[in-house]
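Quick caveat, the model's predicted, so the values are computed rather than measured. Residues take their numbers from the sequence shown, with the count starting at 1.
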Amino acid sequence: MQTLLLWLFYLSSFYAFIPGILTRIFGFRVFRRGSGTNEFALTFDDGPDPLYTPRLLDLLKRYDMKATFFVVGSHAEKHPEVVRRIHREGHLIGIHNYVHKSNWLMRPVTVRKQVKRTDDIIYEITGERSTYYRPPWGIVNLFDFAKNTGCRIILWSSMFSDWRSKIGADRLTERILAKLRGGEVMLLHDCGTTMGANPDAPEQMLIALERVLEVAQQKGMRSIRVDEMMAKESKSKVKKVSLLKRMLVSVWLLWEKGFHALFSLETVTPDDPMLHFRKRAYTGKPVVMEDGTRLEKGDQILELHFDNRKLYQIGSRSRSEMQLAIQMIRAVQKDLPALANMVLERPDFKEVRGLYGVSMISRGPEQFGFHVLDLPSGLFASSTRLYLKLLLSVIHPKGQARLKEGSQVMEPKMLMMPVEVLIERYAEKRTPSVKPPTEEPHELTQEQVVDLTMAGATASRM
């Protein structure tokens, strides 16, 4: 019996308590606070209520404030006209389960069904889906923690016990005003019918909130939707790291400029550089590629290097990983035909056997006609691994997190393409075998496509 109780304790801790600590204390995988000085976020749980929510909407409209409503699905189902008004007046609607029940007391599949059912109700009423979720009492289980719901979990930075009517409007006003500052995510309730709440508690909340909004207006502060705050926070984080990145990139590009001069790298399209190269003798071990082409020590190759300034510029202005991937794939494919024509036209390239580069991927560039091979262990491999990880952490939208993400830990690889393949696929008057994606790749996952575009980087002689 003692052993059974011990196992139950371990399982409950793993399922409920540990995820709760990580989210509530450390804010892991949840949004609970923004930044800034003049904007805060009012969030309301448990509604909609046919009596109090319309009065709350009147109050917000009078002070030109926006809020986020985490609705209980069963309540929304009963009062669609209130939900419709919330949406019509520009507020954000989030999910608060179909019934107000703790996720600790439900199986993961039940939680998922609760979220989906509420989302379907919201969609039927407003025509829009919701991707924001606040579990009742902010309690998450292991599977919510692992994105079981498919939504972004929103918690809060301040709460005021406003579900109890005995707190009174005066005391509630003091509590809210004490937290009235930029970036605050405030938790309030526009319904008192859930377990543990007093039915008339929202009356005191409305009195206190009107006083608070009056003070906020005098201070030049305003309440915004949670999604707006999250977007501002994301931009703020980019700005915070941009100075450090610019300093790092400046040193890195200065070093790269010296490398290009030292090894006499040429550029495929100088007007819009993406690929650089140099002709050299292959010095590695003999390699037999999948098409039977054998590369021996001493054979002439073209060593490829991405233009790291171009990589950084594209990465900095891309709004998403997919946009980054599409832009970079198109840039690479623009250069490959020009490179193929160079090989055909220049007499000094007649002895070139193939293309060679170093990559931080393990699959994907086959779409371009490359063969992927393991990089021989040694000093070169170790130094290349360090350098390319630094490069990827600066350029990739997910930074260093991408280096360890998923089951595939990224390691540098050799990319090789026989010159016959280059000419066959990309030379003038021939139709390239690979076309750039218009919206999203078909054979590669999104992460593989983005990693593919990170393939080349400056590397020294093998």
Side-chain angles (χ1 to χ4, degrees), residues 20 24 32 40-63 65-83 85-86 89 91-105 114 118 133-139 154-181 184-218 221 223 225-226:
R24 295 291 291 274
R32 58 177 184 168
F40 58 99
L42 289 172
T43 68
F44 298 92
D45 288 6
D46 299 357
D49 183 275
L51 173 62
Y52 295 113
T53 305
R55 291 172 58 188
L56 171 59
L57 290 170
D58 291 341
L59 182 60
L60 293 171
K61 187 175 183 179
R62 186 159 72 250
Y63 285 91
M65 303 286 183
K66 299 301 179 186
T68 302
F69 291 80
F70 291 98
V71 301
V72 174
S74 58
H75 295 173
E77 198 170 38
K78 293 176 183 177
H79 309 291
E81 71 288 349
V82 182
V83 177
R85 182 184 169 187
I86 293 172
E89 296 185 1
H91 303 287
L92 181 65
I93 300 176
I95 299 167
H96 201 49
N97 282 356
Y98 180 75
V99 295
H100 199 280
K101 186 177 181 181
S102 171
N103 288 8
W104 284 3
L105 304 177
Q114 290 252 337
T118 304
Y133 175 56
R134 176 176 285 168
W137 296 291
I139 295 174
I154 310 297
L155 295 185
W156 57 84
S157 58
S158 56
M159 59 188 296
F160 311 101
S161 300
D162 66 307
W163 58 88
R164 296 175 180 174
S165 56
K166 67 178 182 180
I167 188 174
D170 293 341
R171 191 175 173 192
L172 186 57
T173 302
E174 292 176 3
R175 288 187 177 185
I176 300 176
L177 287 176
K179 294 290 185 178
L180 184 61
R181 54 194 174 212
E184 202 74 19
V185 178
M186 298 181 176
L187 167 61
L188 295 166
H189 299 78
D190 59 327
C191 179
T193 62
T194 54
M195 185 179 68
N198 300 133
D200 60 342
E203 183 72 43
Q204 303 301 311
M205 182 275 295
L206 288 171
I207 296 171
L209 183 62
E210 183 171 9
R211 299 169 181 172
V212 170
L213 293 183
E214 182 68 31
V215 173
Q217 192 174 67
Q218 293 171 2
M221 301 181 69
S223 173
R225 296 163 34 141
V226 162

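Looking only at side-chain heavy atoms (C-beta outward), His79 and Thr53 stay at 4.5 Å or farther from each other. With a 4.5 Å cut-off on side-chain heavy atoms, Asn97 and Pro135 do not count as touching. Side-chain contact between Arg32 and Trp156: absent, with no pair of heavy atoms (C-beta onward) separated by less than 4.5 Å. Between Leu209 and Leu56, some side-chain heavy-atom pair lies under the 4.5 Å cut-off. Considering only heavy atoms from C-beta on, Glu89 stays 4.5 Å or farther from Leu60 through its side chain. Phe40 has its side chain within reach of Met221: a pair of non-hydrogen atoms, C-beta onward, lies under 4.5 Å apart. Counting heavy atoms from C-beta on, the side chains of Leu172 and Met205 come closer than 4.5 Å. Side-chain contact between Val71 and His96 is absent, with no heavy atoms from C-beta onward closer than 4.5 Å.
Ionic pairing of Arg171 and Glu174 is not present here: no N-O contact between side-chain nitrogen and carboxylate oxygen is shorter than 4.0 angstrom. A salt bridge does not link Glu81 with Arg85: every distance from a Lys NZ or Arg NE/NH1/NH2 to an Asp or Glu carboxylate oxygen is 4.0 Å or more. In summary, Glu210 and Arg62 engage in a salt bridge, as defined by a charged side-chain N under 4.0 Å from a carboxylate O.
When all heavy atoms of Phe44 and Ala67 are compared, the closest pair comes out as CE1-CB, 3.7 Å. Here the shortest heavy-atom pairing between Gln114 and Tyr98 reads OE1-N, 2.9 Å. The two residues Phe160 and Ser158 make their nearest non-hydrogen contact at CZ-OG, 3.5 Å. For the residue pair Ala169 and Ala208, the shortest heavy atom distance occurs at O-CB, 3.6 Å. Residues Asp200 and Tyr52 come closest through the heavy atom pair CA-OH, 3.6 Å. Nearest approach of Phe70 to Ile154, heavy atoms of both residues: CZ-CB, 3.7 Å.
Taking OG of Ser223 as the reference point, atom CG of Leu213 lies at 7.5 Å (rounded to 0.5 Å). Atom CE of Met65 is separated from atom CZ of Arg225 by 16.0 Å, given to the nearest 0.5 angstrom. In this structure, the separation between OG1 on Thr173 and CG on Leu180 is 11.5 Å, given to the nearest 0.5 Å.
Judged purely by atom type and a 3.5 angstrom limit, Ser157 has no side-chain atom pairing as donor or acceptor with the backbone of Glu184. A donor-acceptor contact shorter than 3.5 Å links the side chain of Thr68 to the backbone of Val226. Between the side chain of Lys66 and the main chain of Leu42, no donor-acceptor pair closer than 3.5 Å is present.
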Assess whether side chain to side chain donor-acceptor pair (under 3.5 Å) is satisfied between Asp46 and His100, documenting all intermediate values. CA-CA 7 Å; Asp46 299 357; His100 199 280; 3.1 Å; yes
Would you sort out whether Glu203 and Arg55 count as a salt bridge (charged side-chain N to carboxylate O under 4.0 Å, His left out), showing the intermediate values? CA-CA 10 Å; Glu203 183 72 43; Arg55 291 172 58 188; 2.9 Å; yes
Leu188/Thr43 under side-chain contact (heavy atoms from CB on, under 4.5 Å): CA gap, chis, key distance, verdict: CA-CA 6 Å; Leu188 295 166; Thr43 68; over 6 Å; no
Arg175 vs Ser161, side-chain contact (heavy atoms from CB on, under 4.5 Å): CA-CA, chis, key distance, verdict: CA-CA 10 Å; Arg175 288 187 177 185; Ser161 300; 3.7 Å; yes
Before giving the answer on side-chain contact (heavy atoms from CB on, under 4.5 Å), spell out for Arg211 and Ile207 the whole-Å C-alpha distance, their side-chain angles and the decisive distance to 0.1 Å. CA-CA 7 Å; Arg211 299 169 181 172; Ile207 296 171; 3.7 Å; yes
Chi angles and distances behind the side-chain contact (heavy atoms from CB on, under 4.5 Å) call for Leu92, Phe69: CA-CA 6 Å; Leu92 181 65; Phe69 291 80; over 6 Å; no
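Annotation for Arg181: atom CZ counts as buried by contact number, over 12 foreign heavy atoms lying within 6.0 Å.
For the residue pair Gln204 and Ser165, no side-chain donor N or O sits within less than 3.5 Å of a side-chain acceptor on the partner. When only modelled atom types and interatomic distance are considered, His189 and Asp162 share a side-chain donor-acceptor pair under 3.5 Å.
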